[in-house]
Amino acid sequence: MTMMQDAAANWVTIKPLAIALAIGLVAGPLISNYVGWQVTSGTSQRLAHDGVIEQQALICEERARGDVKEPGKLEWSARADLAKKWTAMPGVDPANSEVTGACAAKLAA
């Protein structure tokens with residue numbers, strides 16, 4: 001056998017594995033993303049943002065409950081004003097509206 005015949009015989013043996021590898025390299029990431037096994041940067045940023053809002057709302061709630069003993073009995077506008085008062089975090093100029101809304105919702109419960 002010549003060198004070309006050896007290479008052709010090896011290629012016939014390896015060809016199905018090479019094709020399967022190529023298909024797997026293309027289809028694998030697409031399938032795993034579709035199934036949800038990957039976390040995209042947008043998802044991780046949204047989850048981090050939601051976690052920060054939740055933590056700040058918890059702090060706001062505790063501070064507001066120290067000011068008013070039963071904030072759940074207050075009207076909606078009074079709860080919103082109370083939340084707005086305690087939403088401002090040290091070092092942050094404007095109060096975050098998302099934190100204010102979450103804090104007011106926690107005070108209602």
Side-chain angles (χ1 to χ4, degrees):
M1 265 205 224
T2 65
M3 187 181 227
M4 286 298 271
Q5 289 172 339
D6 287 341
N10 284 340
W11 176 247
V12 169
T13 306
I14 297 173
K15 185 178 179 179
L17 294 174
I19 291 172
L21 177 65
I23 291 171
L25 287 173
V26 171
L30 296 174
I31 292 170
S32 66
N33 189 30
Y34 178 74
V35 173
W37 295 339
Q38 294 181 18
V39 178
T40 61
S41 63
T43 302
S44 64
Q45 288 173 355
R46 182 180 46 81
L47 290 174
H49 175 76
D50 292 349
V52 169
I53 296 298
E54 178 67 20
Q55 290 301 312
Q56 289 179 351
L58 287 172
I59 293 169
C60 169
E61 178 192 17
E62 289 301 316
R63 292 168 67 189
R65 287 190 187 276
D67 192 20
V68 175
K69 295 301 178 196
E70 294 184 20
K73 293 183 178 179
L74 296 174
E75 290 184 16
W76 178 84
S77 60
R79 263 195 319 270
D81 291 340
L82 181 64
K84 193 176 293 183
K85 174 183 174 185
W86 291 108
T87 297
M89 294 293 154
V92 178
D93 290 336
N96 188 332
S97 62
E98 290 179 89
V99 176
T100 302
C103 180
K106 289 184 176 303
L107 291 173

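These numbers come from a predicted model, not from an experiment. Position 1 is the first residue of the sequence; numbering continues from there.
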Side chain to side chain donor-acceptor pair (under 3.5 Å) pairs touching residues 99-109, sequence neighbours excluded, are E54-K106, T87-T100
If you look at every heavy atom in [X] and [Y], which pair is closest and at what distance?
X   : Y    : answer
V68 : P71  : O-CD, 3.5 Å
V99 : A57  : CG1-N, 3.9 Å
A83 : A104 : CB-N, 3.8 Å

When you group the ILVMFWY residues by side-chain heavy-atom contacts below 4.5 Å and let the links chain together, are L74 and W86 in the same group? yes
Output for pair (T43 OG1, Q45 CD), nearest 0.5 Å, gives 9.5 Å
One should read off an interatomic distance between E62 CD and L107 CG, to the nearest 0.5 angstrom, of 9.5 Å
Sequence neighbours excluded, the answer for salt bridge (charged side-chain N to carboxylate O under 4.0 Å, His left out) partners of R65 is E61
Contacts of E70 meeting salt bridge (charged side-chain N to carboxylate O under 4.0 Å, His left out) (sequence neighbours excluded), chain-then-number -> K73
Quick note, salt bridge (Lys or Arg N to Asp or Glu O under 4.0 Å) partners involving residues 16-37, not counting sequence neighbours, are none
| pair H49-I53: side-chain heavy atoms closer than 4.5 Å | yes
Only pairs under 3.5 Å count here: list side-chain donor-acceptor contacts from residues 14-35, not counting sequence neighbours, and write none if there are none.
from : atom 1 : to  : atom 2 : distance (Å)
S32  : OG     : G28 : O      : 3.2
S32  : OG     : P29 : O      : 3.2
S32  : OG     : Q38 : NE2    : 2.7

So disulfide bond (SG atoms under 2.5 Å apart) across residues 16-109, not counting sequence neighbours, yields C60-C103
